[in-house]
Each structure stands twice: as structure tokens, then as C-alpha cells.
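Note sheet for the following structure.
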Number of protein chains: 2
Amino acid sequence: MDTHRTTSRARGGATEPGTARQGRTRTVPPSTVARLPGYLRALHALAAEGAVLTSSDELAARAGVGSAQLRKDLSYLGSYGRRGVGYDVAHLAEQVEVVLGLTTQRRVVIVGIGNLGHALANYSGFADRGFAVVGLVDADPAVVGTTVAGLVVQPFDALPGLVRATGASIGVIATPAAGAQVVCDALVEAGVAGILTFAPAALAVPPHVDVRAVDVASELQILAFHDRRRTGTWEA
Amino acid sequence: MDTHRTTSRARGGATEPGTARQGRTRTVPPSTVARLPGYLRALHALAAEGAVLTSSDELAARAGVGSAQLRKDLSYLGSYGRRGVGYDVAHLAEQVEVVLGLTTQRRVVIVGIGNLGHALANYSGFADRGFAVVGLVDADPAVVGTTVAGLVVQPFDALPGLVRATGASIGVIATPAAGAQVVCDALVEAGVAGILTFAPAALAVPPHVDVRAVDVASELQILAFHDRRRTGTWEA
DNA sequence: TAGATTGTTAATCGATTAACAATC
DNA sequence: TAGATTGTTAATCGATTAACAATC
């Protein structure tokens, strides 16, 4: 084992195509990048309510962060507010989308069409937020050939062809932990740029591939830590 | 709005019932707590392979972190290794479980039995890792009364009674964003200690309640950031 | 102008990493 | 004893926060 680690919420100093005139390159810290989707969500909610302008106070409250942090985060993207006035909701939303790379719809392939894969394939939040599910893959012959969310489930062998034919740049792994690394390797080999895995397993990937891991049971275990009262381990 | 924010991956300086003799209280940093489930996973995998001893190098590689970080993290829990020898796999796993509060099985209620709620209710990884799903709730009369994963779905009104009757300490929100805050308030009112939400919305909760938020579309957007090549925004 | 709110600076705080003394 | 590996220290690094000068 000598490829890179997963679970790295932070992959170092990413650069960003210059939205500032001149194409100058700016660096957005990983912790900021991770909060941008939340800001975008809040901006869309404001826009839906008809708001034209917002302030760092208001937007921060909606996103659940402090206003100092919000302003600091936005400052990495550029200067999109007006002092004494605030931010133009629509314009700021657009800028955040540009930075996140959401001006083009990304294509997603889901591997593992069990309960979770099913749910993800049918999730409308993907389409709403810039992603198109363009392919479904499963290793189980009983599942292959069935139609889920309007797509016919393909066999595992079809994965590379599917990724290339559809131009998918993101793979989602919704298989059990046992199969996750094999699926991951296949996705990497097929050329995806990012992988979102729900399998409870650490994945090894080459450095040019980005992995994000969501482990539902781990989230519950972290919650359990804070609920550790009367667990029987008291002593004095 | 004057309750607290959500999305706080880190709720400050949690204390831990003293596993060290004397009941002395120790503090485990949030970032360390967040990695403990991964270590536990790796330890269980090692145990399943028959390993009796492991080293910080081996365990760290399995969990996808550096060995220095692993040792630092474990040092917050106590001194459970032997210099020159390594860690006893079974014993260390047990200690991590004690710290995470997994010696008692926690009871979980799921609200929102759509595609995702369905998948979560049926997810075997919960039972395997210390949690029992003891109640399902949905607002849709067409869903109420149906049986999912061996449980009859209850109406929203039944939530407080259900939480109390089952002694659930964790609530999972799998509803659309629009209903999330109402559900959250009801869970808090019913007395849960922690909430895991999949709804794309910031939740306000009182300070004694812990919230963790998983937003699948946000994860994809973060991946999209790293895939921001040829998005058309180049300038020079 | 007076009031408001940004963008940035500087201070603080927490997390990571490398190195090594302690010790099995 | 010699070799191995932990637990801890100290240095570095990055993230957060508060305060305020710039400016609308």
C-alpha cells in the first residue's frame, strides 16, 4: 500500500481560475471551500424569498456561521460586496457558483444500487444543485438490467465504458465496505476526478483524485461521544 | 433567531469520564473524536483477521492517517500501548468504545421515511456499530402505518411519545429541507441528545444538543471545486 | 455629512507534524 | 543488551475571531 490516503477532508492549497480581472490566481483554503455550499444554499433561499441585497450578518446567520468568518471566507473569492451596502444576492450566488465550478453541470455515476444507491439515484437535490446522474452500476446480476430513476443498471464491467461515454467526472460509491476499494480503483482507472464514498472503509487513491467520505455510522458514533452520560464507567 | 448554530462539527472541549484510575477527567479535542470511529473500524478489521497486536504504523495506515497523528490522538484517551511492543487490538478497541460511549447501545429514531429514510432504516451498519433503530416517523398519511424494516411508521404527532417510550437519545432527520427545523424542534423538545440531519438546511438548536449535518449535494459541490478545469472562466 | 457595512489586519486559538527520550 | 515502538514535547502550520480603517 503506497498510494495516498482518503478521508482527507482537506487537500492542500487549491488554486482557482482568476475571476478577478487579469486571470490572477487566488488560493481558497479547504475549510473555506467546505463552507461555500452552505453559503450558496442560503443565497438561493434568500433569492427565493425575493431578497436583492443581504449583509454579512444576515447571510452568516442563515448559514449558521459567524459574520466575521463569512466575510473572511468571501474575501478569498474576491471583493463582491459594497461597503456600507452589503452583497447583491444574485451576483454573489453566481460568483460562488463560479468558484465551486458549478457553471457546468457535472456528471455523476453511482456504483452500488442497494437501498442507498437507490435513494441517491432518485434524489432530486442532485439535479437541483448542479449534478446529473448519468449512470448506475451494480455487481449483482439480479439488479443489472433493472431500471432505477429512469436509468438501466449496468454491470460492473461496463463501468469504464460508461464513465468515458458519459463524460462523468464524479463517482459515487454506495457498495458495502468489502467491494469499495475495487470499485474505487475502477473509477480512478476510468478517469473520474472525484469520488464520494459512503462505504465504511478508508480508500487509497492517487494524489490527483479527490475523495470525500461520508460514513453514517461514524456520524452517530461521534454523536454518541457527547451523549456519554451514565455509561457505567464512572469511578469517583 | 437566537438559539445556536448547527454544522458545528466541533462543539468545544468535551470531557470524558475518567477511564484512568481515580475518575480523573480528560479532554479529547473534537478533531480527535471525529477520527476515533475510523480507528475503531480499522481495529475491528484487524481483529477479524486474527491480529492480536498492532503498531501505530499499521493502524494508522489502515485508518488513512499519519502514525504521529494516531499516537497523539490515542494519547488523549490514556496510555494503552506498550513501548517497543505496540497495541493490543482487542483491548484498544474496547477503550475506544468506552470513550465513544458505545458500551451501551444507543437508540435512534428516524424522521422522514422517503427514499433515504427507507435506506437508513434498513442499513445494517447501524446495528453492527452500536445503534438500534427503534422508531420511524413520517408526516405523510400514506406512509404512516406501513411497515419498514420491521417497524410500523408512526405519525408526526407520535414523535415525543415515541422518543420517551423507547428512550431514544439520537434523532435522524431525513425529511426535505422545508420541514427540517420543525422536526428538529420536536426532537429537541422530546429530549434527544444528538441529531444527525441529512436535510440541506442549517438547524438552530439549544447548546446542550449536538447536531451533525450530512449534505450529500454539498459534498459533490466540494468535489466539483477540485474539478474546476475548463469551466470557461479562464481569462489569461 | 452621518451611519452602515465591508475587507483586512493582527491576535488568538487549535490542529498537525517531526523528532526523540522513555521504556518495553 | 540491542532493537523496537510508544507517549510526549516543541515547532509549525492553518483556522478562527475581534476589531477597525476604508469606503459606500
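Computed over heavy atoms, backbone and side chain alike; hydrogens, waters and symmetry mates excluded. Chain letters run A, B, ... following the sequence lines, proteins first and then strands; every chain starts at 1.
Contacts of A:Val182 classified as side chain to side chain contact (heavy atoms under 4.5 Å, CB included), with partners at least two apart in sequence or in another chain: A:Phe156.
The shortest distance between the side-chain N/O atoms of A:Ser31 and the OP1/OP2 oxygens of D:dG14 is not below 4.0 Å. In terms of phosphate contacts, B:Ser79 brings a side-chain nitrogen or oxygen within less than 4.0 Å of OP1 or OP2 of D:dG7. Residue B:Tyr87 has a polar side-chain atom (N or O) positioned under 4.0 Å from OP1 or OP2 of D:dG7. In terms of phosphate contacts, A:Ser56 brings no side-chain nitrogen or oxygen within less than 4.0 Å of OP1 or OP2 of C:dT5. In this model, the phosphate group of C:dT16 is approached by a side-chain N or O of B:Arg35 to a distance below 4.0 Å at OP1 or OP2. Taking 4.0 angstrom as the limit, B:Tyr80 places none of its side-chain polar atoms (N or O) nearer than this to OP1 or OP2 of D:dT5.
Atom CD of B:Gln69 and atom P of D:dG7 are 16 Å apart (whole Å). Atom CG of B:Leu77 is separated from atom C1' of D:dT8 by 15 Å (rounded to the nearest Å). If you measure from atom CG of A:Leu92 to atom P of C:dT5, you get 16 Å, rounded to the nearest angstrom. To the nearest angstrom, C1' of C:dT6 lies 16 Å from OH of A:Tyr76. Regarding A:Glu58, its CD atom lies at a distance of 15 Å from the C1' atom of C:dT6, rounded to whole Å. Distance A:Gln95 CD to C:dT6 C1': 16 Å, rounded to the nearest Å. In this structure, A:Arg82 atom CZ and C:dG7 atom P are separated by 11 Å, rounded to whole Å. The CG-P distance, from B:Leu70 to C:dA18, rounds to 15 Å in whole Å.
At the heavy-atom level, A:Arg71 lies under 4.0 Å from base atoms of the strands shown.
Checked for salt-bridge contact, B:Asp215 and A:Arg129 meet the test: a charged N lies under 4.0 Å from a carboxylate O.
Nearest nucleotide to the A:Lys72 side chain, out of C:dA15, C:dT9, C:dA18: C:dT9. The side chain of A:Val85 approaches D:dC24 more closely than any other nucleotide in the set C:dT6, D:dA18, D:dC24. Closest approach to the A:Arg83 side chain among C:dT17, D:dA18, C:dT6 is made by C:dT6 (side chain taken as heavy atoms from C-beta onward).
Remark: A:Arg107 CZ to A:Ile170 CD1 distance equals 10.5 Å, nearest 0.5 Å.
In this model, a donor atom of one side chain and an acceptor atom of the other lie less than 3.5 Å apart for B:His44 and B:Glu97. Side-chain N/O atoms of B:Gln181 and B:Asp185 include a donor and acceptor closer than 3.5 Å.
Counting only distance, with no hydrogens or angles, the side chain of A:Arg228 and the backbone of A:Phe225 share a donor-acceptor pair below 3.5 Å. Side chain of B:Arg106 to backbone of A:Asp227: a donor-acceptor contact under 3.5 angstrom is found.
Stem regions annotated for DNA chain C: C:3-24 with D:3-24, counting only runs of 3 or more consecutive pairs of Watson-Crick or G-U type with both contacts under 3.5 Å.
A:Thr54 places none of its side-chain heavy atoms less than 4.5 Å from the side chain of A:Asp88.
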